[in-house]
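Just so we're on the same page: letters track the sequence lines, and every chain starts at 1.
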Amino acid sequence: MARHLITSAIPYINGIKHLGNLIGSQLPADLYARYQRARGHEVLFLCATDEHGTPAELAAAKAGKPVAEYCAEMHDIQAQIADGFRLSFDHFGRSSSPQNHKLTQAFAGRLADVGLIKEVTEEQVYSVADGRFLPDRYIEGTCPNCGFESARGDQCDNCTKQLDPTDLINPHSTISGATDLEVRETKHLYLRQSELKNDLAAWIDSKKDWPILTTSIAKKWLTDGDGLQDRGITRDLDWGIPVKKGDADWPGMEGKVFYVWFDAPIEYIACAQEWEDAGKGTDWERWWRTDKGADDVRYTQFMGKDNVPFHTLSFPATIMGTNEPWKLVDYIKSFNYLNYDGGQFSTSRGRGVFMDQALEILPPDYWRWWLLSHAPESSDAEFTWENFQTDVNKDLADVLGNFVSRITKFCRSKFGEIVPAGGSYGPAEEQLIADLTTRLRAYEGFMDGIEVRKAAAELRAIWVLGNEYLQANAPWTTFKTDPETAAMQVRLALNLIRIYAVLSAPFIPDAAAEMIAAMQTQDKDWPTDIAVAVAALPAGQSFTVPDNLFRKITDEEREEWEERFAGTRD
RNA sequence: GGCGCGGUAGCUCAGUUGGUUAGAGCGAUCGACUCAUAAUCGAUAGGUCGGGAGUUCAAGUCUCCCCCACGCCA
């Protein structure tokens, strides 16, 4: 039995994510976690909310709530939606947890001890009225390039130019509107990533099996321009993890917090501790410390391509820099973007489907199947309602759902709701078992390699084999002259339902559970040996005819949703 | 402007280290079947592989130039 540590990129606390975010990390991570569990491996699957930084503070202010309260509420909402999509996290943690506070401070302290932290004095805009510095989005003014009046401290939303707060004309605080701003010196900590450049490069080079998308992005950051740059890991903010050197105060850093990108990945580790502290497991270090049992763990991360630099460089630098035996990632699966009907998903314009809305209109399996079978692995992928409708109707309702329906109903009418006895295999059955075995091995190969689209295509082909078998052997015709053989054919087909349930569960867990329940079995074992698995449901076992597993999406619904989610064009 | 990922049948996508008639699913057309959610199964038709030049006995697959889309950065 192998051990798999699996993490999904942690979604930012601010707002509900869209389907592109879902397929970019959490959903494929869940697929992989469910698959590895089904194969009998030990899995720790972790995710969390990323709660620090200015966007959280601003969103809380807009909602008129203290930021801690806002984050707690949003965490619950995201947890609920994740549950709605059946994301099977062993723990859904929070980067604001006490565990992450301690661990982040410990990492910083350790990095300082080994000389990988430097202090840098820089100039920042300070608001006298607010009594604080105004980083990034806390300051607005007129853009010096295009004259846009609401340009932010870090970027102009009109001309997209990157800005420094000190560039702005007539700057003011977005908190109070105050204009009595001055430039003050402030001290910040930098992680000396550049010191680790060679180690990182060697490590990346050793990962021959990583997706091109992952390594090409990492290498670009390593070699582009002057190479990997040292990175500021602190901010003049209130909301965040206070800067401390382990348990000790950090002279000169009073009132400052760690930058969100420093503490967020450390939450992957802290989350395991939260998992244990929540009573869901024991000995979290067994997953994260190679000196405490984690040397046989295979660690796989899932993320969108925008997160790759942090996971291939900054976070590994944090870990490698400590010289402590923390587990490094073994495989990074990164995804491109999902486009919505020829454009991008857009939160501000309400364009595209968001996770809560998706669950309002259809059950999770519909979305899981379509998104996973169209995962943006090799390039950006495209969501269109027409595609969604035809694919879901065909694959789920016609190929799989109807298969279950046709065989259970046929059996009920001829033999009753009992797996019928009698008859013996002929060449057709041997051939079916051989074909299923071939395809199952291929399916396992794609799932092990996290080739999501190919795995979905193979699974679908496995479903089709059942329909082909019924069509070619026509038990409804056989029954008229040879009821014994018809009974054998039906018994075999009923067993396919159980097998399909087990194989399909990582993609469509709800439908799989219904199929298992209808077959009235507890046997969810992986059908490693198909010849054995096709006899798992013995003659005489009762079953029930389930309701249709999937309904079809109508043209009217498709048109309605197309309009509803089109958003406002600019 | 620099860089990155792409541009393959109507649609969504596969195509290992260059090698016989370029593949799948959907959609379309035709046929079979009637157990089933007007479902299923089979067959057929669709591509000068973005454009051009080059290397080679041989290029979708390598090199160069150009065009288009998306993204990142300055």
**Message:** Side chain of A/Glu382, heavy atoms from C-beta onward: which of B/rU12, B/rU40, B/rC70 has the nearest atom to it?
**Reply:** B/rU12

**Message:** Give me the distance, rounded to whole Å, that separates B/rA36 from B/rC41 when you measure between the C1' atoms they each carry.
**Reply:** 13 Å

**Message:** Taking donor-acceptor contacts at under 3.5 Å, does the side chain of A/Asp398 reach the base of B/rA39?
**Reply:** no

**Request:** Sort by first number and list every stem of RNA chain B: at least 3 consecutive Watson-Crick or G-U wobble pairs, both distances under 3.5 Å.
**Result:** B:1-4 with B:70-73, B:10-13 with B:23-26, B:28-32 with B:40-44, B:50-54 with B:62-66

**Message:** Can you tell me if A/Lys552 touches the phosphate of B/rA38, counting only side-chain N or O atoms and a distance under 4.0 Å to OP1 or OP2?
**Reply:** no

**Asked** From the list B/rU12, B/rU40, B/rG71, which nucleotide is the closest neighbour of the side chain of A/Asn402?
**Response** B/rU40

**Request:** Considering only NZ, NE, NH1 and NH2 on the basic side and carboxylate oxygens on the acidic side, decide whether A/Asp380 and A/Lys305 come within less than 4.0 Å.
**Result:** yes

**Message:** Output the rounded distance in Å from CG (A/Asn473) to P (B/rC41).
**Reply:** 14 Å

**Given B/rU37, B/rC35, B/rC11, the nucleotide with the shortest approach to the side chain of A/Gln471** = B/rC35

**Asked** Taking syn as any angle within 90 degrees of 0 and anti as the rest, which one fits B/rG46?
**Response** syn

**Message:** Classify A/Phe550 by what it touches in the nucleic acid, base, sugar-phosphate, or nothing, heavy-atom distance under 4.0 Å.
**Reply:** base

**Prompt:** Please give, in whole Å, the distance from B/rG27 P to A/Asp395 CG?
**Reply:** 10 Å

**Message:** With rounding to the nearest 0.5 angstrom, report the CD1 to CG distance, A/Ile204 to A/Asp199.
**Reply:** 11.5 Å

**Item:** Donor-acceptor pair between A/Lys552 and A/Asn393 side chains, under 3.5 angstrom
**Value:** no

**Request:** Please check if atom CG in A/Asp555 has more than 12 non-hydrogen atoms from other residues, nucleotides or ligands closer than 6.0 Å.
**Result:** yes

**Request:** Please determine if a side-chain N or O atom of A/Arg406 lies less than 4.0 Å away from the OP1 or OP2 oxygen of B/rU34.
**Result:** no

**Item:** Rounded distance in Å between the C1' positions of B/rC26 and B/rU63
**Value:** 37 Å

**Request:** Using a heavy-atom cut-off of under 4.0 Å over every strand shown, decide if A/Arg460 touches base, sugar-phosphate, or nothing.
**Result:** sugar-phosphate

**Prompt:** Between A/Lys305 and B/rC70, does any side-chain N or O lie under 4.0 Å from OP1 or OP2?
**Reply:** no

**Asked** Within this structure, what is the NZ-to-P distance between A/Lys394 and B/rG25, rounded to whole angstrom?
**Response** 11 Å

**Complete:** Atom CG of A/Asn387 and atom P of B/rG27 are separated, to the nearest Å, by 11 Å

**Item:** Whole-Å gap separating C1' (B/rU37) and CG (A/Leu549)
**Value:** 10 Å

**Asked** Quick one: on RNA chain B, does A/Ser405 or A/Glu451 contact a more 5' nucleotide (nearest heavy atom)?
**Response** A/Glu451

**Request:** Indicate yes or no for a side-chain donor-acceptor contact from A/Arg453 to the backbone of A/Ala375 under 3.5 Å, with no hydrogens or angles considered.
**Result:** yes

**Prompt:** Whole-Å distance between B/rC5 P and A/Asp306 CG?
**Reply:** 17 Å

**Request:** Calculate the interatomic distance between A/Asp547 atom CG and B/rA36 atom C1'; express it in whole Å.
**Result:** 15 Å

**Request:** Taking atom C1' in both B/rU44 and B/rU48, compute the distance separating them and give it to the nearest angstrom.
**Result:** 23 Å

**Message:** Mind checking if A/Ala381 touches a base, just sugar-phosphate, or nothing, with heavy atoms under 4.0 Å?
**Reply:** sugar-phosphate

**Asked** Does a side-chain N or O from A/Lys454 land closer than 4.0 Å to OP1 or OP2 of B/rG15, or not?
**Response** yes

**Complete:** Closest to the 5' end of RNA chain B, once A/Trp370 and A/Leu465 are matched to their nearest nucleotides, is A/Trp370

**Asked** When you compare B/rC68 with B/rG51, how far apart are their P atoms, in angstrom units rounded to a whole number?
**Response** 15 Å

**Prompt:** Any idea which of B/rC35, B/rC26, B/rU34 is nearest the A/Thr390 side chain?
**Reply:** B/rC26

**Asked** Between A/Trp476 and B/rC35, do the rings stack, that is, sit under 5.5 Å apart with planes less than 30° off each other?
**Response** yes

**C1' spacing across the pair B/rG54 / B/rC5, given as an integer number of angstrom** = 25 Å

**Ring-ring centroid check A/Trp261 A/Phe310, cutoff 6.0 Å** = yes

**Asked** Between B/rU12, B/rC33, B/rC70, which one does the side chain of A/Asp380 approach most closely?
**Response** B/rC70

**Fill in**
Rounded to whole Å, OH of A/Tyr340 lies from P of B/rG71 at a distance of 18 Å

**Complete:** Rounded to the nearest 0.5 angstrom, the CD1-CG distance for A/Ile418 and A/Leu537 is 13.0 Å

**Request:** Just do the side chain to side chain contact (heavy atoms under 4.5 Å, CB included) check on A/Asp30 and A/Arg368 with the steps written out, would you?
**Result:** CA-CA 10 Å; A/Asp30 181 67; A/Arg368 290 179 64 106; 2.7 Å; yes

**Asked** Is a side-chain N or O of A/Asn467 found less than 3.5 angstrom from the main chain of A/Val399, in a donor-acceptor match?
**Response** yes

**Asked** If you measure from the C1' atom in B/rA43 to the same atom in B/rU61, how many Å do you get, rounded?
**Response** 31 Å

**Asked** If we take the C1' atom in both B/rA58 and B/rU21, what is their distance in whole Å?
**Response** 16 Å

**Asked** Quick one: which of B/rU40, B/rA36, B/rC13 gets closest to the side chain of A/Arg453?
**Response** B/rC13

**Message:** Nearest to the side chain of A/Val464, heavy atoms from C-beta on, is which of B/rC13, B/rU40, B/rC41?
**Reply:** B/rC41

**Prompt:** Can you tell me how far CG of A/Leu396 sits from CZ of A/Arg551, rounded to the nearest 0.5 angstrom?
**Reply:** 12.0 Å

**Prompt:** Rounding to the closest angstrom, what is the interatomic distance between B/rG19 and B/rC66 at atom P?
**Reply:** 28 Å

